[in-house]
Amino acid sequence: MTAKSIENQLNQLRDNLRYHEHKYYVENQPEISDEDFDSMMKQLEALETETPELVTTDSPTQRVGGSVGFGERVQHYSSMLSLDNTFGPDELYDFDRRVKQMLPEERIEYVAELKIDGLGVSLVYENGLLTRGATRGDGEYGENVTANLRTVRSIPLKIASIESSPALMEVRGEVFIPRDRMDDINKERIENEEAPFVNPRNAAAGSVRLLDASITASRPLDIFIYTVGYAEGIEFATHSEALGLLERMGFKVNPSTECFPSIEGVVEYCRRQTTERENIAYDVDGVVVKVNSIAQQSELGFTAKSPRWAVSCKFPARKATTRVRAIDVQVGRTGVLTPRAILEPVHLSGATITHATLHNEQDLHRKDVRVGDTIVLERSGDVIPKVISVVKEKRDGTEKEFHLPDRCPACDSPVQRSTEEVAVRCVNSACPMQLKRRIESFAWRSALNIEGLGPAVITQLVDSGLVSSVADLYDLKKADIVEFERVGEKSADNLLREIEGSKRAPAAKVLFGLGIMHVGQNVAELLIEHFSSIDALAAADVEEIASIHGIGPKLAESVRQFFQQSANQEFLRRLKDAGLQWESDDSPPPEISQESFFTGKTFVLTGTLSQMARSDASKKIKECGGKTTSSVTSKTDYLIAGESAGSKYDRAMELGVEILTEEEFLARLPTD
């Protein structure tokens, strides 16, 4: 065969495989058997092995491969804003009234689509090829997960040829896992001594953010694309027109989307979908309602956080009735004792519920929950089981009141009660249950994301004496854990690889994982944005910490106390020596060739820039010796405001921070 004929054969095989992938994974209408598809794929793989110089990045054989780039932040082409929530017809009619007040005398058409309960992502295509995939993140910056999203078969690696493919395009969608595939995933996790996923949304989010793309490829991930975030050189008259283009390009668009000439049709659609939600193959938690006209969307604009032209109509929480078998006490990472109801198993929102938190002693007694009670249970947001009320009419006199103990159930130390807070605490820092919870929270997806470090493994690590501090995780060897119950060679290798991979987690996630009282994920990001490193934060006084917008005196005091304790200082030294990230990715370069307007100054970017992406603008600032952060504080030197600047602009005005237009910013950049 000639080189040209081999290339033609490769292209034909790729086109055929793309076609059949689309028929199977997008249209759900396969035309050939799995065996025929696999045979065609093997033929392509064999030819590409023989001619590696002809392998293309968009080939169906190239879905799995490459690194995930864990922790790398990338900027979206425009903000992925959250939606305001509505609950029921009355609030939908209020939304309709607000729209009509801003657009009097205009005919309003709405689009209603299912709100998929998954993980929001953006996909960037350059010249028709998938070049980047990212999580939603904070709406402005997401996490680069391109390698993992390439494994999702319903995501095209190459846009189908159409009349006008844009050179650059960003689309947005929701990655999910069908409900009927959850049992298989959780069965495998239980066999590997890992905690089962609570719901498909957690499973999808966890799968997309794995360090090993080959594991992601084994998960039954799917996607619905719901909008175009950016398309170079293409304009749409309506949202429904954009969805039609997406379908023609080969993207999977939700078939339940409908257009309505009035809000009455939308209300009826919401009622219908609420009734049918149990029959849908994937989790949905509401309906998204959008004004269809793009021109009207532009005129309606945005609030600081949300578009005025779209809302989410949330489904009512699903409820169930069950019985409280017992009440036990859990000890959290900060020593807080939490009562927990042990329930007769009940199926609710796609999951079997066996436990529900009772939050604290005050809440327990306010609701008057007793052992033996019949209770009404709800899953808040279809996720967290919550006791709504007690069915007191069903009491027969055998029910027993419950009180939190005076001694810690894990270490038998006296507990501490305070008039300043509701919480009852075990103050023994050596309490083994606190250590286990600290390790669990350190390994959370939103912290260091150590897949496989579940409760069963943690219990064995602590009870065996191998781990008496979170820092001990980084000293573990394969021989230490391979003999643990239901661990084995493969699981031990995977766990050690995950622990090693956690060293690449950003400094803000490390700070969150430390378990400082009152420091959640958002606060950790604020602190790192301000101080740029954990060392700088550790050296700060209470006044400087409290001066940050969103950080109060109580929180600042908690942070300061944590870093002052000698035991914590040794713990932090060990983590730093282990190689964890201690400085922000946004720190300025260590060496700048010459002084400039930007040297030593802190900038915040907001709104849409017309002449470059915000990520490029941020890079330019750093190259010139400046620093960028994502929140406006009293230490911000300049705000660079593009089109549709929101709350950051208002905050800058309030603090007297100087504001630069895009033109003023560009004029100050070096010309060489």
* Going through the distances and angles, do T135 and R209 end up as a side-chain hydrogen bond (donor to acceptor under 3.5 Å, both in side chains)? -> CA-CA 9 Å; T135 62; R209 299 185 71 258; 5.6 Å; no
Output yes when a side-chain donor or acceptor of [X] lies under 3.5 Å from a complementary backbone atom of [Y], and no otherwise.
X	Y	result
D637	T602	yes
S312	D84	no
N148	L210	yes
S596	C624	yes
K503	A578	yes
Q416	V427	no
D363	H359	no
D472	V467	no

[Y] and [X], any side-chain heavy atoms less than 4.5 Å apart:
X	Y	value
M517	Q561	no
E525	F512	no
L575	L514	yes
F302	S79	no
F442	L473	yes
I481	L495	yes
D117	P200	no

What residues form a salt bridge (Lys or Arg N to Asp or Glu O under 4.0 Å) with [X], not counting sequence neighbours?
X	value
E543	none
D475	R574
K478	E489, D493
E126	none

* Asked: Applying salt bridge (Lys or Arg N to Asp or Glu O under 4.0 Å), which residue pairs with at least one partner in residues 552-572 are found, sequence neighbours left out?
  -> E570-R573
Considering non-hydrogen atoms only, spot the tightest contact between [X] and [Y] and give its length.
X	Y	value
A204	I177	N-CD1, 3.8 Å
L448	G513	CD2-CA, 4.3 Å
G133	T146	N-OG1, 3.0 Å
E140	L605	OE1-O, 4.2 Å
Q569	F563	NE2-O, 3.0 Å
P307	L83	CG-CD2, 3.6 Å

Can you confirm whether the side chains of [X] and [Y] place a donor and an acceptor under 3.5 Å from each other?
X	Y	answer
S78	R172	yes
D535	S533	no
S122	R136	no

Within this structure, what is the [atom1]-[atom2] distance for the pair [X] and [Y], rounded to the nearest 0.5 Å?
X	Y	atom1	atom2	answer
I155	L130	CD1	CG	7.0 Å
R668	I621	CZ	CD1	12.0 Å
L527	S584	CG	OG	12.0 Å

* Asked: Would K601 count as a cation-pi partner of F603, with NZ or CZ less than 6.0 Å from the six-membered ring centre and within 45° of the ring normal?
  -> no
* Below 4.0 angstrom, N of the basic side chain to O of the carboxylate: do E440 and R437 qualify? -> yes
* List the steps, then state whether salt bridge (Lys or Arg N to Asp or Glu O under 4.0 Å) holds for K436 with D463. => CA-CA 10 Å; K436 293 173 185 177; D463 291 351; 3.1 Å; yes
* Asked: Quick check: are there more than 12 heavy atoms from other residues, nucleotides or ligands sitting under 6.0 Å from CD of E664?
  -> yes
* Asked: Of all residues at least two apart in sequence or in a different chain, which pass the side chain to side chain contact (heavy atoms under 4.5 Å, CB included) check with A507?
  -> I528
* Please test L81 against S306 for side-chain contact (heavy atoms from CB on, under 4.5 Å), starting from the C-alpha separation and ending with a verdict. => CA-CA 6 Å; L81 297 176; S306 309; 5.6 Å; no
